[in-house]
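When a ligand or atom number is given, it counts from 1 through the structure's own listing order.
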Amino acid sequence: MRNMVSDNARRLESSPIRTILDRASALRNSGKDVIPFSAGEPDFPTPETIKQFTMKAIAENYSHYASNRGLPALRRILSGMLKAGTSVSYDPESEILITSSGAEALNNSILTFVNPGDEVIIPTPAFVSYKNLVKLAGGTFIDVPLRPENGFQLDADEIEQHITPRTKMIILNNPNNPSGAVYDREALEKVGELAVRYDLLVLSDEMYSRLVYDGAQFVSMASLPGMKERIIVVSGFSKTYAMTGWRLGYIATDRTLLSAVLKVHQYSTTCSPTFIQQGLVDSLELPETEKAVEDMLAAFTRRREIILQGLRAIDGITPVIPKGAFYVMVDVSATGLSGADFAVKLLEESNVATVPAIGLGDSCGDYIRISYAASDENITEGLHRLEDFIKSLKKA
Ligand SMILES: Cc1ncc(COP(=O)(O)O)c(C=O)c1O
């Protein structure tokens, strides 16, 4: 048989994160106690309120198709939350779309706006899906490396140097996975000016907007004057509400852009699970739900302190201080190993699972990504193993 795989699908790369996660789970299955510094998800259970009201929604037969846009009541709640969190007004009728995960929201947004041959600028390090979705749409991923010495802060000058007549979109992830950078208002304003001057769209992935620390302020790019009409905001419930397995997300954008995305969404998942949406309608605004989120935030704040203190004390590696999300990029080049070799050796010899950052940006070969979405005990144990591993490298 001929090779039937489409050219676009053939361009996709396997995720480096998957490879490590698969090996880590094989080690776990063989009885090894593996420290999970690789996970991109909170280790907490979903808040009780959300679980209870979703079970109620199932019992009450919310089991039929919902509107393609999502339940109106959920869109109204999200509109209120977006207004409170970002000061941007989105009309719940026409400017919010509920999707089956942030991943679907990204997929729908990129497939809606990227033509074959379009260039899409992605400041890196960045979440691995963006470049692959751009390839799936037939577009060209333009890697714009940000500087570790600036904490991987957004840099409009670097971005401008990569703009060409073929540039269609800039993808920003704020706060950033994997760097933990929280983009400051001034940098966002400068990038916004570029978007207007060169007539570009901005896909703003704000999945971690609630997870900021140390006085950092999350600013939604859509809140800057005149920007809403060219910003597609993608977000979801996975990280803030520890709902990674539920698969629910959303898009908020100007009505004209949203009506185009809606068509792609209709032909991908049609609508998102109705009982989950109803469960969220009944639980999202309850004080108990907010309390559960705040408890998680307090835990992440404490864990961030523990991991940074531990990493700073280890000779031979350099963490880049994160202000948001729950990841730290760590430069391991002083050990003489690439990030990829370091991550593999660390997993095999010390059973600590991290992510080699090379798949997250062309200039990230010296880095690993550590996730501190792990228990305090696992963080402490992981730091000990990391330190011993580096000492063993020096002796070898
Ligand atoms: C930056 C970012 N965006 C989007 C997603 C997708 O989230 P989900 O599909 O679980 O809603 C993730 C998940 O890791 C992420 O890190």
* **Test item: Thr270 and Asn68 side chains (from C-beta on) under 4.5 Å apart, heavy atoms** => yes
* To do: Check the angle between the aromatic planes of Tyr130 and Phe127 and answer parallel, tilted or perpendicular using the 30° and 60° thresholds.
  => perpendicular
* Asked: Got the closest protein heavy atom to atom 9 (O) of ligand 1, with its distance?
  -> Arg247 NH2, 2.7 Å
* State, without any angle test, whether Glu160 and Tyr198 hold a side-chain donor-acceptor pair at a distance under 3.5 Å. => yes
* Asked: Got the closest protein heavy atom to atom 14 (O) of ligand 1, with its distance?
  -> Lys239 NZ, 2.6 Å
* Of the backbone atoms (N, CA, C, O) and the side-chain heavy atoms from C-beta on, which set of Tyr208 has a member under 4.0 Å from an atom of ligand 1: side chain, backbone, both, or neither? -> side chain
* **Pair Ser392, Glu349: side-chain N/O donor-acceptor within cut-off below 3.5 Å** => no
* Asked: If you measure from atom 1 (C) of ligand 1 to every heavy atom of Val128, Val234, Ile171, Asn173, which option wins on shortest distance?
  -> Asn173
* Hey, which atoms in ligand 1 end up nearer than 4.0 Å to a heavy atom of Asp205? -> 1 (C), 2 (C), 3 (N), 4 (C)
* **atom 6 (C) of ligand 1 [closest protein heavy-atom partner, distance rounded to 0.1 Å]** => Ala103 N, 3.8 Å
* What protein heavy atom sits nearest atom 11 (O) of ligand 1, and how far away is it? -> Gly102 N, 2.7 Å
* Say whether Ser238, considering both its backbone and side-chain N or O atoms, lies within less than 3.5 Å of an N or O atom on ligand 1. => yes
* **Tyr62-Phe53 aromatic ring centre distance below 6.0 Å** => no
* Asked: Does a donor on one side chain sit under 3.5 Å from an acceptor on the other, for Ser333 and Asp331?
  -> yes
* Can you find an N or O of Met207 that's nearer than 3.5 Å to an N or O of ligand 1? -> no
* **Quiz item: cation-pi between Lys323 and Phe218, 6.0 Å / 45°** => no
* To do: Measure Trp246 to ligand 1 on non-hydrogen atoms and call it side chain, backbone, both or neither using the 4.0 Å cut-off.
  => neither
* Give the atoms of ligand 1, by number and element, whose distance to some non-hydrogen atom of Tyr130 is under 4.0 Å. => 1 (C)
* Asked: What protein heavy atom sits nearest atom 12 (C) of ligand 1, and how far away is it?
  -> Phe127 CZ, 3.4 Å
* To do: Indicate whether the side chain of Gln52 and that of Glu48 have a donor and an acceptor atom separated by less than 3.5 Å.
  => yes
